[in-house]
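Okay, structure first, notes after.
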Amino acid sequence: MSLSILVPLLPLATVFLVLIGGPATQHGRAKLGVVPMAMAFLGAIATLGVVAAHGSADLRFYEPASVGRLALPLGFRIDRLSAVMMVLIAGVGAVIYRYSVGYLYQDRDFRRFLALIGFTTFVLLSMVSSANLLMLFVCWQLLSYLLYLLAHNLSHAATLDGAFRTFTLLRVGDAAFLAGIVLAHSLYGTLEFDELFLRAAEAPGALALAPGLELSGPTVVTLLLFVGAMSKSAQFPLHIWLPRSLYAPTPVHALLHAGIINAGGFLLNRLAPLYGLSSTTLHVAFVIGSLTAILGAAMMLAQNDIKKTLGFSTIGQMGYMIMECGLGAFSLAIFHLIAHGLFKATVFLNCGNVIHKARHEPVLPRVARPSEETELSRLAWATGFVTTLLLPLVILLVAHGILHIPIRDSQGAVIFLFFSWVTSSQAILTLTRLRAVASWKVSAAMLATLLLVVFTYLFAAESFTAFLYPDPTELASYFHAAALPTPLFDALVATTTLLIVLGWVYLYARSHGRTVRVPAWAERGQAHLYVLFLNRLYLDEIYAKLGLAVARAMTCLDRRSWGRTG
C-alpha cells in the first residue's frame, strides 16, 4: 500500500534517463525511458484497485516540512478521485511519451521535449494526489510554466508569441487562485482539505465587498479559485491562449488536451464540499460553462484548420465539463473528462499523419447533389422523430424508478438527463446525412445510437457517481445547492425541447425539397455570425488593444511619479 507513493515519482526517472549521457546514446536511453512511465501506469491501476477495495478510506502519505517558522505541508493524499485521475494521466502520459520517441527522433530538441513530457507527467500526478491546497497550488503553478516551455519550437516567432500569451493569461488565473488560498487561510486558518471543508461548513463567515453588498466566505473563496480553473481549462473569456498554442508539435497537444486542460474539472471536484456551500459560484460555473460550450462549438464549425478545429472542440468540451460541475454533477464532469481525454489524445496523435497525408494527397470534399437529400424513407424519418420526442417522456416518467438519484427533487439531475437526450438527438440528427442506404439500416443505426448514448449516461450517473461520491446525502446536497430558479429552469427545458423539434422540422422540410423561408435580416446575420466566429469573436484584437491601453496608462503613471520625485 505504501508503494503507491512511487507512482507520481516514477516519471522523474524518465527525466534522468533522457538527460544523462551524451547524444550518441540518446535514442536508446529515450526508449528505455518508457519503462518508468509504464511502471507508473501499472502502479496507478494497482492503487485504484487498493482504494476501491478499501471503500471510502483514504491512503495518506503525509509529512509536513518546516523551513524556520514557515510550515510547508508537502505530502500525498490518494483517495478515489486521485486514483482515477492517476490512471488517466499515467496511461496517457506513457502512450504520448512512447509515440514521441519515434515522432521527434530527428528533432534537435529531442531530449528537452521528452524530458518535459516526463516532468509534466510527474507534476500532474503530484497535483491530483496533493495532500492540501498549498501543494496543489505549487503544482498548479508549475503547470503554467510548463505550458510555456512545451511550446518547443523556440525559433518560430508565432510559437513564441502564442507561448507568451499563454503564460500571460494563465498568470491572471494563478493570481486569483493565490488570492483565494490566502483568503481561505485567513478565514479558516488551514489549507488541509478535510479541515478546510469542516470549518467552512461550521463557520462560513462573510465579507463586505461594498456598502450593502455582502458575500459569504465560501462564495468569495470559490469564485477566486474558479477564476484559476477558468484560465487553466480555457473557459470564456480566458480561452484565447489555447488556439494560440497550436503551433507546437502534435504530441504536445495530446498531452495538453488529455491532461493539463482537465485541471479545472479536477480542482472543482477536489473542492466539491467547499463549492457545495455556495450556490452563487455554482450558478456562475453553470453560466460560464454553458457559454463556453456554445461559443466553442460555434467557433469550431467556422475554422478551416484541423488543429484549430480540434482546439475549439476541446474548449467546447471543457465548457460542458464546467457546466456539469455547475449543475452539482461533479462526478459526471470527471467521467466526461476521462472520455474526452482519451478521445482527444488519440485524435491529436494522429493529427500529424492526417496533415502529412493531406499535403501529399489533396482530396476535395464531395458536394452532395440535391436529389440525394430525399433518399431517406418515411420509416427512417419516423424512427428518428419518434425516438427523439419520446425520450423526454421516458426521462420524466420512468427514469425516477430506475436510477437511485432524486430526479423529482433535483433540477440538476433533470438537466443532466435532458443533456443525454440532447446528445443522443444530435447524434441521430447527424445520422440523417447518411445517403443511399436502406431505410431499415438507417433506423437501426438511429436506435443503436440512442441506446448507446443513453446507457452510457446511465452508467455514468449510476456507477461512476456511486464510486466517487458514495454518500447519497452529500450528493443530494450538491444538486440542491446547484438548483436554478424555477422560471429559469423551466425556460431551459422548454427552449431545449423546442430547438430539437425545430431541428427535425427544418431537416425534414429541406430533405423533401421544400423551401424554408428565412427573413432577410436573419440571412445577413448568419453571414455576419460566420465571419465573427471565423475570427474567434475578435477577442485577440480586443485583448491586444486593451494591453496597449494598460501599458500606456502605466507609462503615464510612471512618468508622473518620476516627475514628482524629481
Discussion item. Rounded to the nearest 0.5 Å, what separates atom CG in Leu223 from atom OG in Ser278?
Written reply: 6.0 Å

Worksheet item: Do the two ring centres, one from Phe286 and one from His283, sit under 6.0 Å apart?
Response: no

Worksheet item: Is there a side-chain contact between Tyr275 and Leu282, using heavy atoms and a 4.5 Å cut-off?
Response: yes

Worksheet item: Is a side-chain donor or acceptor of Ser233 paired with a backbone partner of Ile261 at a separation under 3.5 angstrom?
Response: yes

Worksheet item: Pick from Thr121, Ile117, Leu255: which one makes a side chain to side chain contact (heavy atoms under 4.5 Å, CB included) with Tyr97?
Response: Ile117

What side-chain donor-acceptor pairs closer than 3.5 Å can you find for residues 84-92, not counting sequence neighbours?
none

Discussion item. Using only atom types and a distance under 3.5 Å, with no angle test, would you say the side chain of Asp174 pairs donor to acceptor with the backbone of Gln141?
Written reply: no

Worksheet entry | Exam field: side chain Arg80 to backbone Phe467, donor-acceptor pair closer than 3.5 Å | yes

Worksheet item: How long is the span from the CG atom in Leu169 to the CG atom in Leu238, to the nearest 0.5 Å?
Response: 6.0 Å

Discussion item. Does Leu147 form a side chain to side chain contact (heavy atoms under 4.5 Å, CB included) with Trp241? I'd like the steps, not just the answer.
Written reply: CA-CA 10 Å; Leu147 278 173; Trp241 65 267; 4.3 Å; yes

Worksheet item: Do Phe193 and Leu271 have side chains that get closer than 4.5 Å, going by heavy atoms?
Response: yes

Discussion item. Using modelled atom types and a 3.5 Å cut-off, is there a donor and acceptor pairing between side-chain atoms of Thr292 and backbone atoms of Phe236?
Written reply: yes

Discussion item. Measuring from atom CG of Leu170 to atom NZ of Lys232, what distance do you get when rounded to the nearest 0.5 angstrom?
Written reply: 5.0 Å

Worksheet item: Side chains of Thr280 and Ser216: does their closest heavy-atom pair fall under 4.5 Å?
Response: no

Item to complete: Return the set of residues passing ring-ring contact (aromatic ring centres under 6.0 Å, His included) with Tyr469 (not counting sequence neighbours), or none when no residue passes.
Response: Tyr478

Response to the item:
Value for CG (Leu274) from CG (Leu268), rounded to nearest 0.5 Å, stands at 10.0 Å

Worksheet item: With ring centroids as reference points, do Phe167 and Tyr145 lie under 6.0 angstrom apart?
Response: yes

Worksheet item: To the nearest 0.5 Å, what is the distance between CD (Gln317) and NE2 (His336)?
Response: 4.0 Å

Item to complete: Just do the side chain to side chain donor-acceptor pair (under 3.5 Å) check on Ser130 and Arg270 with the steps written out, would you?
Response: CA-CA 10 Å; Ser130 298; Arg270 173 56 74 206; over 6 Å; no

Worksheet item: Who pairs with Ser100 by side chain to side chain donor-acceptor pair (under 3.5 Å), at least two apart in sequence or on another chain?
Response: none

Discussion item. Can a donor-acceptor pair be found, under 3.5 Å and without considering hydrogens, that links the side chain of Thr222 to the backbone of Thr219?
Written reply: yes

